Amino acid sequence: MGLHNSHPKLYPGDILEFPRNKYFSQFGVYYGERDSVPYVAHLTGRDSEAKFLVYGRALNATVKLDPIDVVGKKYKVNNYLDEKHPPRDFYSHIKPEIEDAMTKTFTYDILFHNSEHQATLLRYGVKKSEQIDKVYSKIVRTWREPFQKKKF
């Protein structure tokens, strides 16, 4: 579904992907509208009291509800695990979990608990991050080659 300022039909529980750079995107779950403004729930360290970023980790990340335009002007629906994992019901599972998560703090970890992990956990009940899998596979290959060539 389009990305260049296109606004696809959104359904509560859809995963939205907001591209940030060539490699990474911010992910969230479409929550619905409030006063005709569409909202997304997403994991963020922004505005938390004690942000501390070391080795891809930030203490006190939170799940926040923000208007979609605050998170990003460009986005696409990316329900990429629908064929592997059935999406959970928004009103009985996802919405209550979002509201519960907004009362807690999390440790953001780029490898193990990033915004994509949070979004797939909410929609499917499974933590998955394809963007990290892709980057990690390149890192592992880069490190494996010198060992295979006995350069270490």
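Fair warning: this is a prediction, and the values are worked out from it, not measured in the lab.
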Review point. Measuring from Asp82:CG to Ile15:CD1, what's the distance to the nearest 0.5 Å?
Key: 7.5 Å

Exercise for review: Kindly compute the distance separating NE2 (His42) from OH (Tyr31), expressed to the nearest 0.5 Å.
Suggested key: 13.5 Å

Practice item. Search all heavy atoms of Tyr108 against all heavy atoms of Ala61 and return the closest pair with its distance. Key: CB-CB, 3.6 Å

Review point. With the 4.5 Å side-chain cut-off for hydrophobic clustering, are Leu111 and Leu121 part of the same group?
Key: no

Exercise for review: Quick one: pull up OH in Tyr30 and CZ in Phe90 and give me the separation to the nearest 0.5 Å.
Suggested key: 9.0 Å

Check your understanding: Among all residues two or more places apart in sequence or in another chain, which pass the side chain to side chain contact (heavy atoms under 4.5 Å, CB included) test with Asp35?
Key -> none

Exercise for review: Assess whether side-chain contact (heavy atoms from CB on, under 4.5 Å) is satisfied between Val126 and Thr120, documenting all intermediate values.
Suggested key: CA-CA 6 Å; Val126 174; Thr120 60; 5.7 Å; no

Review point. Can you get from Tyr11 to Tyr91 by hopping between Ile, Leu, Val, Met, Phe, Trp and Tyr side chains that sit under 4.5 Å apart?
Key: no

Review point. Taking it one step at a time, do Asp109 and Asn114 satisfy side-chain contact (heavy atoms from CB on, under 4.5 Å)?
Key: CA-CA 6 Å; Asp109 186 304; Asn114 63 40; over 6 Å; no

Exercise for review: Give the intermediate values and the outcome of side-chain contact (heavy atoms from CB on, under 4.5 Å) for residues Glu116 and Lys128.
Suggested key: CA-CA 7 Å; Glu116 186 179 2; Lys128 179 84 174 136; 5.6 Å; no

Review point. Atom CZ in Phe27, atom CZ in Arg20: separation rounded to 0.5 Å?
Key: 10.5 Å

Study note, to complete from the structure: When rounded to the nearest 0.5 Å, the distance separating CG of Leu43 from CZ of Phe106 is 7.0 Å

Review point. Do any N or O atoms from the side chain of Tyr124 and from the backbone of Leu81 form a donor-acceptor pair under 3.5 angstrom?
Key: yes

Exercise for review: Measure from the side-chain N and O atoms of Lys127 to the backbone N and O of Phe112, and report whether any donor-acceptor pair falls under 3.5 Å.
Suggested key: yes

**Study point:** Closest approach of Pro19 to Ser25 (non-hydrogen atoms, all atoms of both residues)
**Key:** CA-OG, 3.4 Å

Practice item. Answer whether the closest heavy-atom distance between the side chains of Asp14 and Arg123 falls below 4.5 Å. Key: yes

Revision key, fill the gap. Applying side chain to side chain donor-acceptor pair (under 3.5 Å) to Lys104 and not counting sequence neighbours gives Asp100

**Study point:** Smallest separation among heavy atoms of Val63 and Met102, with atom names
**Key:** O-CG, 3.2 Å

Check your understanding: Which atom names give the shortest non-hydrogen contact between His117 and Ile110, and what distance separates them?
Key -> CE1-O, 4.3 Å

Review point. Of all heavy-atom pairs between Leu122 and Glu97, which one has the smallest distance, and what is that distance?
Key: CD2-CB, 3.8 Å

Check your understanding: Looking only at heavy atoms, which two atoms of Ile94 and Gly13 are closest? And how far apart?
Key -> CD1-CA, 4.1 Å

Review point. Say you draw a straight line from CD of Glu33 to CG of Leu10; how long is it, rounded to the nearest 0.5 Å?
Key: 8.5 Å

